Amino acid sequence: MPWTKYLLAFLITAFIFATAIIANNFFNTKRIAEIRSIEEGISIDILSLETQFDLLQEQSCKNISEDSVLSRELDTLARKLSFAEAQLGADNEEVLRLKRHYSLLEIKDLLLMQKVSEKCALEPIFLLYFYSNEKGTCTDCKRQGYVLTELSKEYPQLRIYSFDYNLDLSAVETLVSLQNVSSDLPALVINDSLYTGFQSVEDIQAILPALVKTATSTPEVQ
Amino acid sequence: MDITQIVMYIVLFLSLYFEVFLLITFFERSESKEHNTLVDEDSLPTVAVIVPCFNEETTVAGTLRSLLALSYPSQKLQIIAVNDGSTDGTREVLEAFRDHEQIQILNKENGGKHTAMNAALAHTQADVLGCLDADSFVEPDALIQIIRHFEDSEVAAVTPSIKVYEARGLIQTLQKAEYGLAIFVRNVFARMDSLFITPGPFSFFRRSVINEVGPWQHGHSTEDLEMCLRLQRLHKKVTNEPNAIVYTKTPKTLPELFKQRLRWTYGFLRNAVDYQKLFLNPKYGTLGMLVLPMSLFSLFGAVFLFSALIWNVLVLFAREFVRFQTVGLTAPTIQFDMFFINTSSILTITIALVVLTLVLMGLGKRLARDSYISLDMPIYLVLYGFITPLWLTAALYKAIANTGVRWR
């Protein structure tokens, strides 16, 4: 029996396996680091904007538009976080920690933008989306996600904030209770009104006629 | 990690291990012996090529003509065409060759390929016996390439390299790549004394060995597999000559291919039961410890891997369908970001396995004097996984239920 060959083949196969696993771990660590760095960046940006706004009050309005850089960054962060969640698993501690941080940043951005729009007479549309990734708890959440992705592409003035209903974070729990969101998911809060169950693109357009109007009257958003 | 992932890792590890083992063996003894084909005619053994025919009216004439064109002394080459109760015009086609002094024609009632082989056996005293299916054709130097192996008195049987004859259409293109891989695998198995099939197209046997081990048997419709396993059980040496090129007609349609592969796989499983003593038996070396167990395992592994592949594709389609139903056709957002490249270890290992399979396939093609790379290889890799589970699962079921399979 050519035992040396059996052993050599085993070592080569084990090497290929180990390389694949180590490389995957390496890239996942890099991903986590990248997400963390984006979160830190956003965190600083929010703080800076808050501070700037507090300092200058109304005068700072000229620097702020409905489609602020922040929301775009939050969107990138959301996509990266959701990819990391798929790669590492929804139960991964690091992913959960980043997700909690992300939800906090969303709430901070929401509060800041509410304050800004009030003072600067802006009219952004706030859409809060509560979903669940737990099996069997929200059969329509995937479809609702597609609808919101599509809407966010079409209407940049729409500010969508999505929250994992089951995320163990007191700030999200407070938001859930403030908005009276039940476990009947998906749930949408559009400009302070709660809508439970799946809402199609047309449903949301019907709720927000202003949205359609703005979109058609602004053919090319830069 | 869930159970599916664990099974996936085990299947991938064993598959990769086997391919690495084959590659090491190939490079370990890659020095190909350049044989001198200008051999002394007087020392050549007498050879009988048996051509069993059952309803082969369209191809058998070409088969016989390719045999007559073999560069082998005519006085030492006997061709025995056996009409195994054909119901088409095979008999008339064969009769046209009756006057040829090298060709002998036998007519018998239909009884299956093994009975045709055995009928011919009684009509020859040749030193070496071979078979050529009536849908196959040989290169002129194929026989001489094979016969020189019999100079080694240890050699009991020699197998050739089999290529697809005039591959047309998708199904035959797939098989072209698959046969390239088989050429490599057969050659490496031979280097490890682990061949377990002496294929119908142009395998040759030493007459004295056939006398010793007995005639061909039904072998669950795979007499070529049964004969080789029988030789291996008795520790007879079976080798391979990659330069002996045989072309065979292959199924053109999916149902035809399904039928053929069902027979092959069913035959392997049933013979595996009959010859179970060879499995995991150190007395049979690499054949017993690695090649036979891995060949058996690969059937289950392939069903698992291919089912996982089909499942993933279905999930993807279902997701896109739901998206389409929900928001209609949407333009995809195309933006490149390294972040989103899938680096999962299962995917990376699968890619390594695919690349290695391509390498083995390329080496097989090179062994049989083709170029390393051809278009059929990527087509094979993309599509083969979707059709293989059809016959693998059907054969597993039939083998367990012991239902038997039909030749045609």
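Since the model is a prediction, treat every value here as computed from it, not as a measurement.
- Taking 4.5 Å as the limit, some side-chain heavy atom of B:Thr286 sits within range of a side-chain heavy atom of A:Pro2.
- Heavy atoms from other residues, nucleotides or ligands lying under 6.0 Å from CD of B:Glu154 number 12 at most.
- Interatomic distance, B:Leu16 CG to A:Phe10 CZ, rounded to the nearest 0.5 Å: 11.5 Å.
- Annotation: maximal heavy-atom pairing with chain B below 4.5 Å, among A:Tyr146, A:Phe26, A:Phe27, occurs at A:Tyr146.
- Sparse packing is recorded around OH of B:Tyr372, with 12 or fewer heavy atoms of other residues, nucleotides or ligands lying under 6.0 Å away.
- Note on ring orientation: taking the six-membered ring where Trp is involved, the planes of A:Tyr6 and B:Tyr17 are tilted (angle from 30° to 60°).
- Taking B:Gly285, B:Ala352, B:Pro282 one by one and counting their heavy-atom pairs under 4.5 Å with chain A, the maximum is reached by B:Gly285.
- Rounding to the nearest 0.5 Å places CG of B:Asp337 at 4.0 Å from NZ of A:Lys80.
- Screening B:Thr343, B:Leu347, B:Ile349 for a side-chain contact (heavy atoms from CB on, under 4.5 Å) involving A:Asn24 leaves a single residue, B:Thr343.
- Residue contact with chain B, scored on non-hydrogen atoms closer than 4.5 Å, involves the backbone and the side chain of A:Leu8 alike.
- Heavy atoms of A:Val147 lying under 4.5 Å from chain B belong to its backbone as well as its side chain.
- Atom CZ of residue B:Arg323 and atom NZ of residue A:Lys142 lie 10.0 Å apart, to the nearest 0.5 angstrom.
- Heavy-atom pairs under 4.5 Å with chain B were tallied for A:Thr19, A:Ile12, A:Val201, A:Asn28; the largest tally goes to A:Ile12.
- Looking at B:Ile346, there are no atoms closer than 4.5 Å to chain A (heavy atoms on both sides), in backbone or side chain.
- Remark: A:Asp91 CG is loosely packed, at most 12 non-hydrogen atoms of other residues, nucleotides or ligands lying under 6.0 Å away.
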Item to check | Full working for side chain to side chain contact (heavy atoms under 4.5 Å, CB included) between A:Gln87 and B:Asn342 | outcome: CA-CA 8 Å; A:Gln87 289 272 301; B:Asn342 192 339; 3.0 Å; yes

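- Counting heavy atoms of neighbouring residues, nucleotides and ligands inside a 6.0 Å radius, atom CG of B:Leu280 exceeds 12 of them.
- The line from CD1 of A:Ile16 to CG of B:Leu12 is 11.5 Å long, rounded to the nearest 0.5 Å.
- More than 12 heavy atoms of other residues, nucleotides or ligands lie within 6.0 Å of CZ in B:Phe386, so this atom counts as buried by the packing criterion.
- With rounding to the nearest 0.5 Å, the separation of CD in A:Glu34 from CZ in B:Phe339 is 5.5 Å.
- Interatomic distance, B:Ser345 OG to A:Asn25 CG, rounded to the nearest 0.5 Å: 7.5 Å.
- For the set B:Thr348, B:Ile351, B:Leu290, B:Val20, the count of heavy-atom pairs under 4.5 angstrom toward chain A peaks at B:Val20.
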